[in-house]
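Report on one structure; see the data block that follows.
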Amino acid sequence: MTYSRKLKITVPCSSSNIGPGFDVLGVTLSLYLTLDISIFEPSSVKENYNTEVVLTYSGEGKGKDGVPLSVEKNLITKTALYVLACNNIYGFTAPMTINVDNPIPMGRGLGSSGAAVVAGVMLGNVSGNLGLTKDRMLDYCLMIERHPDNVTAALMGGFIASYLRELNTDDTGIPHSEELEKKNDTINKFSSQIVPERIGHYIKLNWAKEIKAITIIPQFEVSTAEAREILPNDYNKNDVVFNLQRLAVLIMALSQSPPDADLICQAMQDKVHQPYRKQLIPGLSEIITNVKPTTHPGLLGICLSGAGPTILALATHNFDNISKTVIDMFAKENIETVVKVLDVVEDGAQGCRAL
Ligand SMILES: Nc1ncnc2c1ncn2[C@@H]1O[C@H](COP(=O)(O)OP(=O)(O)OP(=O)(O)O)[C@@H](O)[C@H]1O
Ligand SMILES: N[C@@H](CCO)C(=O)O
């Protein structure tokens with residue numbers, strides 16, 4: 001077979017919530033999922049080429065337990081097939097090899113599933129020559145991952161506030177992969193579904209250039225679905241107001257240079273998700289309570305990254321000292337960790353014809 005074109009899709013990871021911004025705030029960080037794709041000339045006219053799409057993983061993500069390589073089960077290719085099915089294309093339209101390099105740890109709260117969904121939508125777009133804009137791709141992403149914070153940040157880049165408009169009852173879409181596998185739904189269930197338009201709304205916010213993201217990543221997974229299940233359906237009014245007040249202050253405080261550590265630290269407090277997730281993440285309570293700018297110069301604020309278990313520490317300097325304290329607190333719980341100091345990146349997902 002001769003390949004007709006080579007493509008590279010690059011999607012950044014993201015950290016969402018940032019304390020009080022549950023399901024609202026997302027920030028794009030300098031760790032990338034990449035797909036190297038070779039699309040081959042079809043040898044004959046066939047309904048679909050799914051059996052001739054070879055999916056491999058290399059790099060840090062190589063051999064990740066539990067990542068299915070079947071195109072109907074892998075989150076990236078399943079998402080692509082969903083996008084194609086919604087456009088009356090029932091399968092990949094040519095033989096392909098897709099090599100995935102994914103250093104974004106899965107189930108850790110760094111938006112690995114969000115990055116995979118964005119990559120899948122971009123793969124479906126290019127495979128079906130659909131010509132989707134990024135804003136239209138966001139609609140497809142949000143039909144799959146219903147919290148907008150990770151996928152919007154991964155797609156658009158930067159520090160983002162977003163929301164999902166109300167969807168009416170007949171707006172279905174692939175629920176998150178774990179739910180889909182349980183229900184054994186097939187992609188064709190979504191054939192020719194009209195994906196509603198302008199589902200997501202977002203705004204890019206300013207981020208002070210001095211602020212870096214220290215991510216302290218425990219070596220165990222927390223499923224986002226599980227971490228969302230544990231949250232109450234009803235909230236005390238005072239707790240809601242507590243978060244709303246801090247969210248508004250935090251957005252402005254993170255844009256100001258030089259950053260005000262006391263203002264950011266106070267504004268990063270949360271009563272909507274972190275208190276309930278403490279039971280899933282040993283050490284979280286002690287870390288958030290005791291690691292402060294007053295005890296760690298350079299630190300601005302600390303919180304759970306997404307649904308966790310990763311800890312996000314925003315800081316301008318003194319990264320080693322800050323991360324060592326958190327490492328030691330997790331170690332007391334017999335939890336091993338990996339530390340990555342990342343930059344906030346303004347560019348989101350990129351799809352381009354490789355040279
Ligand atoms: N690169 C990938 N390739 C295939 N599947 C992936 C990939 N990344 C994530 N997934 C799927 O998503 C699951 C992890 O999603 P989950 O939302 O639970 O964690 P997360 O995205 O790391 O955390 P958060 O959503 O809090 O940032 C994995 O178990 C896997 O099924
Ligand atoms: N806002 C989502 C982010 C998941 O990455 C949650 O906290 O469940």
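The first residue of the sequence shown is numbered 1, and numbering continues consecutively from there. Counting convention: from 1, in listed order, for ligands and their atoms alike.
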Using atom types as modelled and distance alone, determine if a side-chain donor or acceptor of [X] lies under 3.5 Å from a backbone N or O of [Y].
| X | Y | value |
| --- | --- | --- |
| Ser305 | Gly109 | yes |
| Asn125 | Leu132 | yes |
| Asn74 | Pro68 | yes |
| Asp149 | Ser16 | no |

Per-atom contacts of ligand 2 with Asn150, taking only distances under 4.0 Å to non-hydrogen atoms: 3 (C), 4 (C), 5 (O)

I need the atoms of ligand 2 closer than 4.0 Å to a non-hydrogen atom of Asn17, numbered in the order shown. 1 (N), 2 (C), 6 (C), 7 (O)

If we only count heavy atoms from C-beta on, is the Ser127 to Leu84 side-chain gap below 4.5 Å? yes

Ligand-side contact atoms (ligand 1) for residue partner [X], heavy atom cut-off under 4.0 Å:
| X | value |
| --- | --- |
| Ser112 | 8 (N), 9 (C), 14 (C), 20 (P), 21 (O), 22 (O) |
| Ser223 | 18 (O) |
| Asn74 | 4 (C) |
| Leu75 | 5 (N), 10 (N), 11 (C), 12 (O) |
| Ala307 | 26 (O) |
| Asn102 | 1 (N) |

At under 4.0 Å between heavy atoms, which part of Asp23 makes contact with ligand 2: side chain, backbone, both or neither? both

Check each heavy atom of Arg277 against ligand 2 and say whether those closer than 4.0 Å belong to the side chain, the backbone, both or neither. side chain

Between [X] and ligand 1, which part of the residue brings a heavy atom under 4.0 Å of the ligand: side chain, backbone, both or neither?
| X | result |
| --- | --- |
| Thr224 | both |
| Leu110 | backbone |
| Ala116 | side chain |

Heteroatom distance test ([X], ligand 1): nitrogen or oxygen, under 3.5 angstrom:
| X | value |
| --- | --- |
| Gly306 | no |
| Leu33 | no |
| Tyr57 | yes |
| Ser113 | yes |

Working note: Tyr235 + Val272, criterion side-chain contact (heavy atoms from CB on, under 4.5 Å); need CA distance, chi angles, decisive distance, verdict. CA-CA 8 Å; Tyr235 282 91; Val272 164; 3.7 Å; yes

Under 3.5 Å, is there a donor-acceptor pair between the [X] and [Y] side chains?
| X | Y | result |
| --- | --- | --- |
| Asn99 | Thr56 | yes |
| Asn50 | Tyr90 | no |
| Lys340 | Thr215 | no |

Is the shortest distance from a heavy atom of Ser16 to ligand 2 less than 4.0 Å? yes

Do any nitrogen or oxygen atoms of His273 come within less than 3.5 Å of a nitrogen or oxygen of ligand 2? no

Would you say His147 has any N or O atom under 3.5 Å from an N or O of ligand 2, going by distance alone? no

Evaluation steps, side-chain contact (heavy atoms from CB on, under 4.5 Å), between Leu247 and Val249: CA-CA 6 Å; Leu247 174 58; Val249 170; over 6 Å; no

Nearest candidate to atom 2 (C) of ligand 1, where distance is taken over non-hydrogen atoms, out of Met106, Arg228, Arg108: Met106

For Val67, state whether at least one heavy atom is located under 4.0 Å from any atom of ligand 1. yes

Taking Asp23 as the fixed residue, which of His147, Arg146, Arg228 is the one that meets the side chain to side chain donor-acceptor pair (under 3.5 Å) rule? Arg228

Angle class for the Tyr82/Tyr140 ring planes (parallel below 30°, perpendicular above 60°, tilted otherwise)? perpendicular

heavy-atom search around atom 6 (C) of ligand 2 in the protein gives Arg228 NH1, 3.3 Å

Evaluate the criterion side-chain contact (heavy atoms from CB on, under 4.5 Å) for residue pair Ile76 and Leu55; output intermediate values, then yes/no. CA-CA 10 Å; Ile76 297 173; Leu55 185 59; 5.9 Å; no

Could you tell me whether Lys324 and Asp328 make a salt bridge, using a distance below 4.0 angstrom between a side-chain N and a carboxylate O? yes

